[in-house]
Structures are given as structure tokens and as C-alpha cells.
Amino acid sequence: MILYPAIDLKDGKAVRLVKGEMDRATVFNDDPAAQAMEFVSAGCEWLHLVDLNGAFAGTPVNAAPVEAILKATKVPAQLGGGIRDMATIEAWLSKGLARVILGTVAVENPDLVRQAARAFPGQVAVGIDARHGRVATKGWAQETDVLATDLARSFEDAGVAALIYTDINRDGAMQGPNVAETAALAQAVSIPVIASGGVSSLDDLRALRDCGAALDGAISGRALYDGAIDLKQALDLLRG
């Protein structure tokens, strides 16, 4: 399993939200590129970036800090938030991003996901963000009736690189991930699944690793900033 340290960007700074609520943001670093370098220096192999403002605006907002991270680091990075058309996908990939994450458009325009996955093999992931098993879009602000598992299965033949499954009610809450639902989703599809939301201890990572489904990775944010998870120990655990 790969551990993806998360850098969530709001107003140009690295922050963490609680349950996706923008008014519950804690600033952890005024310099996102410096934060990225800390993670890379500790040995991480990937970075997970989120343009929080962009997720609500529907277009990239934190381009400058993302570009600074890409210039400062050599490890691959994936980015979600406000990526909703082919031009934006092409622009980000041309700037050195390894993978784009499509969330809202996966529900509203699934044909775009398929088109992008064909055009950029291995560089398009789908973000599935859910409350109580149902997908939420537009920065998690809009609830849908779409079941997370149904959305995942709909892309089974699309050639997407990964599914990033986030239990919104666990995100940033330091209450542990939803291991059962994540495992169930991973067992329902052949697409690699990355777990997100609530990973707050080495025991959480161990539970995901040993959940019975072959998860591709896990994302952690607040626990790394708070020191609840030591990044080097976590990397050793998941590589072992």
C-alpha cells in the first residue's frame, strides 16, 4: 500500500477541514511547497493535493501553490478540486501533475471521465466522496442519490487509474476510517482503491492494510500534521 500525505489548499495555505466544512479550517502551513518538501524528505512516494476553493468554484483557484509544489518536489502528485473539463485536465498534466482526480464530473458528466481516461492512460482517477454511502459533489456541498458502489462500478471498463473513496463524516475528524465500506467498495470493483477520511493512527493503517481487500493506498492529512502518525513509521508499516 502507498501512503499519500494530503495537502489541502485553501486561500494559498495548507489546511485541514473537519468533515469537509470550509468554516472549520485549521491552517497548518503558510507555505504548501515547504510542507510538501517535509513529506518528501520523510520518504513519501506520492503526494495528494486538493484545491478546496476550486472544488467549490468549479475551476482551479490554488494553481500557484500547486505549481510551486510540483517545482519543489520530484515525487508524483495527484490533484483534485475544480477539475471539470478537458482543457483543465490537459493543462494540469502538461504542468507535471502525475494524476488528476475527477469527482463532481464523475457524477455529472461521466463521458468526460471516459474520454480523459482514454486520452491520458494511468493519469485519471475518480474521487468518490460519500455520506452514508451516497455520493456528494461540488466540494461535498451537494448531496446526490447516487450510491458510491454504483458509481464505482459504472467506471469498471473506463480505464481509470484509481478510485479514491472518502467517507466525508470521517474526514478530518480523527475518528478512524470506515474500513468496512472501503473494503466493500474495493471488493466490488477491479479498479485500484485508495482509502481516504479519518486515518488517524498506525492502527488505522494496519486495519486498512489487513481489511481483506487489496487496497492500493491510503490518504492521511490531519494525523500527520498533528503528529498522531509518524510518517516514517507509517511508510515502514505499509511497505512491510
Side-chain angles (χ1 to χ4, degrees), residues 4 8-9 20 46 48-63 66-67 70 76-168 171 181-182 184-197 213-217 219:
Y4 296 77
D8 290 1
L9 300 163
W46 272 85
H48 175 78
L49 313 177
V50 182
D51 181 349
L52 293 170
N53 302 102
F56 284 91
T59 187
V61 175
N62 287 286
V66 173
E67 290 177 25
L70 295 178
Q78 60 185 19
L79 170 70
I83 305 173
R84 298 181 191 168
D85 56 56
M86 188 61 85
T88 305
I89 293 168
E90 291 175 347
W92 273 125
L93 295 177
S94 72
K95 290 177 180 178
L97 197 71
R99 192 153 65 197
V100 295
I101 303 166
L102 305 180
T104 295
V105 294
V107 176
E108 298 183 349
N109 187 6
D111 286 343
L112 175 66
V113 176
R114 296 173 182 280
Q115 180 186 352
R118 287 194 299 269
F120 304 104
Q123 294 187 285
V124 176
V126 170
I128 299 180
D129 309 319
R131 285 191 186 92
H132 309 297
R134 297 187 183 275
V135 176
T137 61
K138 297 180 179 173
W140 303 349
Q142 186 166 312
E143 305 278 347
T144 75
D145 291 326
V146 180
L147 293 175
T149 303
D150 289 344
L151 183 62
R153 286 185 175 131
S154 73
F155 293 111
E156 187 72 85
D157 61 348
V160 299
L163 301 173
I164 297 165
Y165 177 67
T166 304
D167 185 315
I168 296 168
D171 192 70
E181 282 197 18
T182 304
L185 185 80
Q187 289 166 341
V189 294
S190 61
I191 307 167
V193 171
I194 299 168
S196 175
L215 297 179
D216 186 69
I219 294 167

- Smallest separation among heavy atoms of F56 and A141, with atom names: CE2-CB, 4.0 Å
- Query: Do any N or O atoms from the side chain of R84 and from the backbone of A55 form a donor-acceptor pair under 3.5 angstrom?
  - Reply: yes
- Message: I'd like to know if the side chain of R134 reaches the main chain of T144, judged simply by a donor and an acceptor atom lying under 3.5 Å from each other, with no hydrogens or angles considered.
- Response: no
- Using a 4.5 Å cut-off on heavy atoms from C-beta on, say whether the side chain of V124 contacts that of R118. no
- Looking only at non-hydrogen atoms, find the nearest pair between A186 and V193 and report the distance. CA-CG2, 3.7 Å
- Chi angles and distances behind the side chain to side chain contact (heavy atoms under 4.5 Å, CB included) call for I194, H48: CA-CA 11 Å; I194 299 168; H48 175 78; over 6 Å; no
Counting only pairs under 3.5 Å, give me each side-chain donor-acceptor contact of residues 101-109, with atom names and distances, residues two or more places apart or in other chains.
from: T104; atom 1: OG1; to: K138; atom 2: N; distance (Å): 2.8
from: E108; atom 1: OE2; to: K138; atom 2: NZ; distance (Å): 3.4
from: N109; atom 1: OD1; to: L112; atom 2: N; distance (Å): 3.4

- Task: Search all heavy atoms of I164 against all heavy atoms of A125 and return the closest pair with its distance.
- Result: CD1-CB, 4.3 Å
- Query: How far apart are the closest heavy atoms of A136 and R131, and which atoms are they?
  - Reply: CB-NH1, 3.9 Å
- Message: Please report the interatomic distance CD(Q78) to CH2(W92), rounded to the nearest 0.5 Å.
- Response: 14.0 Å
- Note on the structure: Here the gap from L52 atom CG to L9 atom CG, rounded to the nearest 0.5 Å, amounts to 7.0 Å
- Item | From I89 atom CD1 to L79 atom CG, the distance as rounded to the nearest 0.5 Å | 11.0 Å
- Item | Contacts of type ring pair (Phe, Tyr, Trp, His ring centres under 6.0 Å), residue Y165, not counting sequence neighbours | none
- Message: I'd like to know if the side chain of D51 and the backbone of N62 have a donor-acceptor N/O pair within less than 3.5 Å.
- Response: yes
- Query: Looking at OG1 of T166 and CG of D129, how far apart are the two atoms once the value is rounded to the nearest 0.5 Å?
  - Reply: 4.5 Å
- Specify the closest pair of heavy atoms between A77 and L49, including all atoms of both residues, with the distance to one decimal. CB-CD1, 4.1 Å
- Atom pair CD1/CD of I83 and E90 - distance to nearest 0.5 Å: 12.5 Å
- Message: Rounded at 0.5 Å granularity, tell me how far CZ in R99 sits from CG in L93.
- Response: 11.0 Å
Pairs of donor and acceptor atoms involving the side chains of residues 147-156, under 3.5 Å and at least two apart or interchain, shall be tabulated with distances.
from: S154; atom 1: OG; to: L151; atom 2: O; distance (Å): 2.6
from: E156; atom 1: OE1; to: S190; atom 2: N; distance (Å): 3.2
from: E156; atom 1: OE2; to: S190; atom 2: N; distance (Å): 3.1
from: E156; atom 1: OE2; to: S190; atom 2: OG; distance (Å): 2.4

- Message: Would K95 and E67 count as a salt bridge (Lys or Arg N to Asp or Glu O under 4.0 Å) here? Give the steps.
- Response: CA-CA 8 Å; K95 290 177 180 178; E67 290 177 25; 2.8 Å; yes
- When every non-hydrogen atom of G133 is compared with those of A130, the smallest separation belongs to C-CB, 4.0 Å
- After noting the C-alpha distance and the side-chain angles of D167 and T182, does the key distance pass the side chain to side chain contact (heavy atoms under 4.5 Å, CB included) rule? CA-CA 8 Å; D167 185 315; T182 304; over 6 Å; no
